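This report refers to the structure that appears directly beneath it.
All of these numbers come straight from a predicted model, not from anything done at the bench. In the text below, chain A, chain B and the rest are named by the order of the sequence lines, each starting its count at 1.
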Amino acid sequence: MPLSIATWNINSVRLRLPLVESFLDDYAPDVLCLQETKCPDDKFPFDALRKKGYEAIEVNGQKGYHGVATLSRRPLQLVEKREYCAKGDCRHLSVIVDGGNKRILLHNFYVPAGGDEPDPDINPKFRHKLDFLEEMQGVHAEDDRADAAVLVGDLNIAPLETDVWSHKQLLKVVSHTPVETETLEKLRVGNGWADLMRTAIPPEDKLYTWWSYRARDWNASDRGRRLDHIWGSPSLVPHLTGMDVLRHARGWERPSDHVPVIARFDFS
DNA sequence: ATGGTAGTAGAACTA
């Protein structure tokens with residue numbers, strides 16, 4: 001039985017609802033995890049997305065900022081909406097996806113961006129980002145509640161040298177500083193996660209999921225970063241059949257600055 | 001070195 005899981009920082013689900021709808025029409029992932037929905041739960045476009053066949057929807061949203069949502073064509077069971085750093089931010093949602101013969105625990109994360117200055121002593125946003133990562137230590141790839149686990153989302157860190165357009169030029173830029181990349185990799189490995197995007201796409205290859213809105217020509221300058229991630233239990237690796245990073249989505253009309261990533265599994 | 005754009009708002013924040 002195939003199972004596909006997509007992740008996409010949508011940067012306002014209401015403004016970009018037509019983009020989400022056409023993405024679901026064209027790619028039809030079984031599950032879609034959205035971040036930066038910027039939408040209170042009572043204003044979430046449930047009806048429009050259910051019409052597309054995504055009957056199971058779980059949201060954790062707030063007004064104006066942040067917010068995550070997980071939609072599925074298969075039954076979902078809500079596990080947790082965990083509040084990190086006691087700030088009242090809506091940045092996490094976990095569900096169990098019925099994958100046929102496998103039950104998958106699926107975490108959807110939106111990690112704080114961290115501001116501009118990569119010094120936790122003078123920048124509270126960077127401190128918050130590091131604290132958030134510290135709290136993620138408890139999120140393990142092995143979990144008794146399911147057969148396997150997947151963690152997706154905008155983690156706002158590009159860990160590998162090939163995850164940014166220029167390793168040297170970004171060493172002091174938030175998202176690629178050593179404290180961030182080392183903390184994220186330790187967190188991933190220490191909690192038993194496999195980097196499924198890099199399992200499918202060789203770590204030597206440049207790979208980006210985000211291009212700034214501020215570039216004159218995002219495609220020509222190609223100053224991208226891999227900020228969005230799909231991790232999984234090591235037991236899932238033999239079942240991974242594909243990984244699509246929809247670079248061309250950055251060129252859609254009124255695009256998000258992030259593009260969708262889709263992981264495909266087969267459990268037959 | 002700076003400023004560049006986008007979204008939610010309806011000023012100033014976040015990214």
Side-chain angles (χ1 to χ4, degrees), chain A residues 7-21 23 33-45 48 59-69 83-92 108-120 122-133 152-159 163-166 168-177 179-181 184 208-229 246-261:
Chain A
T7 182
W8 192 9
N9 177 320
I10 194 62
N11 189 16
S12 175
V13 66
R14 285 177 288 175
L15 188 73
R16 274 180 254 289
L17 180 60
L19 235 45
V20 177
E21 290 172 317
F23 168 71
C33 295
L34 296 171
Q35 302 87 34
E36 276 208 274
T37 51
K38 296 186 174 178
C39 179
D41 292 350
D42 62 348
K43 298 221 165 67
F44 193 86
V59 294
N60 184 17
Q62 66 186 87
K63 188 181 169 191
Y65 306 102
H66 325 314
V68 292
E83 182 185 346
Y84 283 76
C85 303
K87 286 177 71 83
D89 286 354
C90 296
R91 296 179 177 275
H92 169 263
N108 179 357
F109 271 102
Y110 176 49
V111 172
D116 289 330
E117 180 57 58
D119 180 346
I122 60 176
N123 176 9
K125 291 183 203 167
F126 197 70
R127 167 65 67 196
H128 177 212
K129 185 176 197 173
L130 298 180
D131 289 347
F132 193 101
L133 294 171
V152 308
D154 177 5
L155 305 186
N156 265 314
I157 297 173
D163 290 337
V164 291
W165 64 275
S166 167
K168 274 191 178 173
Q169 285 179 258
L170 287 172
L171 274 169
K172 290 180 178 171
V173 174
V174 171
S175 74
H176 193 63
T177 64
V179 64
E180 292 171 272
T181 58
L184 189 72
Y208 315 138
T209 64
W210 172 90
W211 291 261
S212 171
Y213 282 125
R214 296 173 187 176
R216 282 189 200 91
D217 183 337
W218 72 273
N219 195 34
S221 59
D222 199 20
R223 295 186 169 191
R225 306 177 200 170
R226 183 171 72 111
L227 302 180
D228 303 274
H229 296 267
L246 302 192
R247 180 187 168 102
H248 71 279
R250 185 62 180 77
W252 289 346
E253 198 174 334
R254 293 204 82 181
S256 168
D257 45 354
H258 297 250
V259 299
V261 183

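With hydrogens and angles ignored, no donor-acceptor pair closer than 3.5 Å exists between the side chain of A:Arg16 and the base of B:dA6.
Residue A:Asn156 places its side chain closer to B:dA15 than to any other of B:dA9, B:dG7, B:dA15. Of the candidates B:dT8, B:dA9, B:dA15, B:dA15 carries the atom nearest the A:Arg214 side chain, counting heavy atoms from C-beta on. In the set B:dA15, B:dA9, B:dC13, B:dC13 carries the atom at the smallest distance from any side-chain atom of A:Tyr65.
Here A:Arg254 lies in heavy-atom contact (under 4.0 Å) with sugar-phosphate atoms only. Counting any heavy atom pair closer than 4.0 Å across all strands shown, A:Arg91 reaches sugar-phosphate atoms only and no base atom. No contact: A:Arg223 has no heavy atom under 4.0 Å from any strand.
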**OP:** Apply salt bridge (Lys or Arg N to Asp or Glu O under 4.0 Å) to A:Arg250 and A:Asp222, showing your working.
**Re:** CA-CA 11 Å; A:Arg250 185 62 180 77; A:Asp222 199 20; over 6 Å; no
**OP:** Let me see the working for A:Gln35 and A:Thr7 under side-chain hydrogen bond (donor to acceptor under 3.5 Å, both in side chains), right down to the final yes or no.
**Re:** CA-CA 8 Å; A:Gln35 302 87 34; A:Thr7 182; 3.0 Å; yes
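For the C1' atom pair drawn from B:dA15 and B:dG3, the interatomic distance equals 15 Å after rounding to whole Å.
With DNA chain B read from its 5' end, the first of the two nearest nucleotides for A:Val111 and A:Tyr213 is the one closest to A:Tyr213.
Atom pair A:His258:NE2 and B:dA6:P shows a separation of 14 Å (rounding to whole Å applied).
Residue A:Asp228 holds its CG atom at 11.0 Å from CG of A:Asp163, rounded to the nearest 0.5 Å.
Other residues, nucleotides and ligands contribute only 12 or fewer heavy atoms inside 6.0 Å of the CG atom of A:Asp116.
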